Amino acid sequence: MKRITLLIPCYNEEGNLKLLNQKLREITKQEYYESYIFDILFVDDGSNDNTLDIIKEICKENENTYYISLSRNFGHQNAIKAGIDYINSDAVITMDADLQHPPELISEMITLWEKGYDVVNTIRLDGKNQSWSKRKISKLFYRIINVFSCVNIDAGAADFRLFNKKVNNELKRWNEHKLFFRGIIPWLGFKQYKLKYYPEKRFKGETKYTLKKMISFALVGITSFSIMPLRLSIFVGIIFSFISLVLAFYAIYINIFTDQAVPGWASIIVSILFIGGLQLLMIGIIGEYLGKLFIENKKRPNYIISEKSIYEANNASSE
Ligand code: UDP
Ligand code: MG
């Protein structure tokens with residue numbers, strides 16, 4: 001029988017887990033799923049509420065349910081990576097713990113996988129269940145990323161996807177410190193499918209992606225997949241050199257052929273401030289990449305596990 005693991009990163013999700021577990025159990029009980037073994041793997045990303053206790057309780061009461069608990073909060077992407085490294089099944093489905101990702105879509109994902117797709121991505125359509133600001137910020141986020149990065153990331157791409165063992169094994173080899181699966185997955189290639197869905201409302205709790213986190217996530221997305229921003233400084237540099245050359249000729253002309261007074265103070269100050277600001281911006285961009293190099297160079301682990309349950313699939317043959 002084929003084994004499918006549902007990988008669920010959880011950070012302070014105490015209000016959602018029981019209902020999520022119940023929904024997943026109900027769905028996977030249906031006849032359609034009879035020929036599969038379903039695992040659920042919860043990754044507790046250093047929650048400081050009762051998430052871990054609830055996960056343990058769920059694991060005790062249910063078969064094929066496992067958990068990993070990280071030593072502190074390492075972030076959504078690293079929590080997914082911890083799960084990927086742990087899993088050894090035929091297919092993995094990553095989904096959020098807050099019931100925003102409709103479990104009803106799972107059967108469709110599996111059908112597509114059985115048809116031969118290596119990855120089944122989901123694309124979030126703008127629904128009434130999302131706040132106006134979240135929709136706008138998310139749109140802007142993808143627009144900026146797509147201008148700069150060399151992989152095409154769909155607006156509304158979500159970390160709700162199915163991928164097979166082949167892809168999971170590739171992802172295990174991934175050692176980048178700052179992970180951005182929405183970029184890594186399209187970069188990988190393989191046969192991929194995009195499934196559209198309307199997100200549900202977050203059931204309980206608050207979003208963990210604050211504006212600050214979203215900006216930092218966008219920067220990771222841009223700087224992980226492109227050196228375009230660095231090249232930007234070359235283009236801007238060329239344009240400004242050209243402008244200054246023209247101005248130099250103009251100054252020579254004024255000096256030699258006219259007896260006009262010294263050109264105005266304002267224009268000098270404005271250009272100094274403008275060019276100064278621009279240089280700082282470019283240095284900032286270089287700094288961002290340099291910082292990334294610095295962090296990657298340390299080769300620190302992406303996460304640290306404080307405890308985990310024994311995963312039977314690592315011993316059992318799944319075929
Ligand atoms: N999450 C996590 N670690 C974090 C932040 C979030 O494991 O540091 C989990 C969170 O519990 C949820 C998923 O990642 O299952 C997505 O987070 P959230 O729902 O807050 O994001 P949103 O849907 O608002 O973009
Ligand atoms: Mg959510």
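Worth knowing before you read on, the calculation uses all heavy atoms, side chains too, and leaves out hydrogens, waters and symmetry mates. Quick caveat: nothing in here was measured; it's all calculated off a predicted structure. For ligands, and for the atoms within them, numbers begin at 1 and follow the listed sequence.
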Practice prompt. Would you confirm whether the ring centroid of Y197 sits within less than 6.0 angstrom of the ring centroid of F160?
Written response: yes
Response to the item:
In N78, D45, N48, N12, the residue satisfying side-chain hydrogen bond (donor to acceptor under 3.5 Å, both in side chains) with N73 is D45
Item to complete: Following the transitive rule for hydrophobic clusters with a side-chain heavy-atom cut-off under 4.5 Å over Ile, Leu, Val, Met, Phe, Trp and Tyr, establish whether I84 and I304 coincide in one cluster.
Response: yes
Worksheet item: Does E26 pair with K29 as a salt bridge, N-O distance under 4.0 Å?
Response: no
Worksheet entry | Ring centre gap for Y193 and Y117 strictly below 6.0 Å | yes
Using residues 104-112 as the side-chain source, report each donor-acceptor pair under 3.5 Å to any protein atom, sequence neighbours left out, with the distance given to one decimal.
unit_1	atom_1	unit_2	atom_2	d
T111	OG1	Y32	OH	2.6
T111	OG1	S107	O	2.8

Item to complete: Mind reading off the angle at the Mg ion (ligand 2) between the OD2 atom of D98 and the OE1 atom of Q100, rounded to 10°?
Response: 100°
Worksheet item: At a 4.0 angstrom heavy-atom cut-off, what protein residues surround ligand 1?
Response: P9, C10, Y11, E13, D45, N73, G75, H76, D96, A97, D98, Q100, K134, R202, T207, K208, Y209, K213
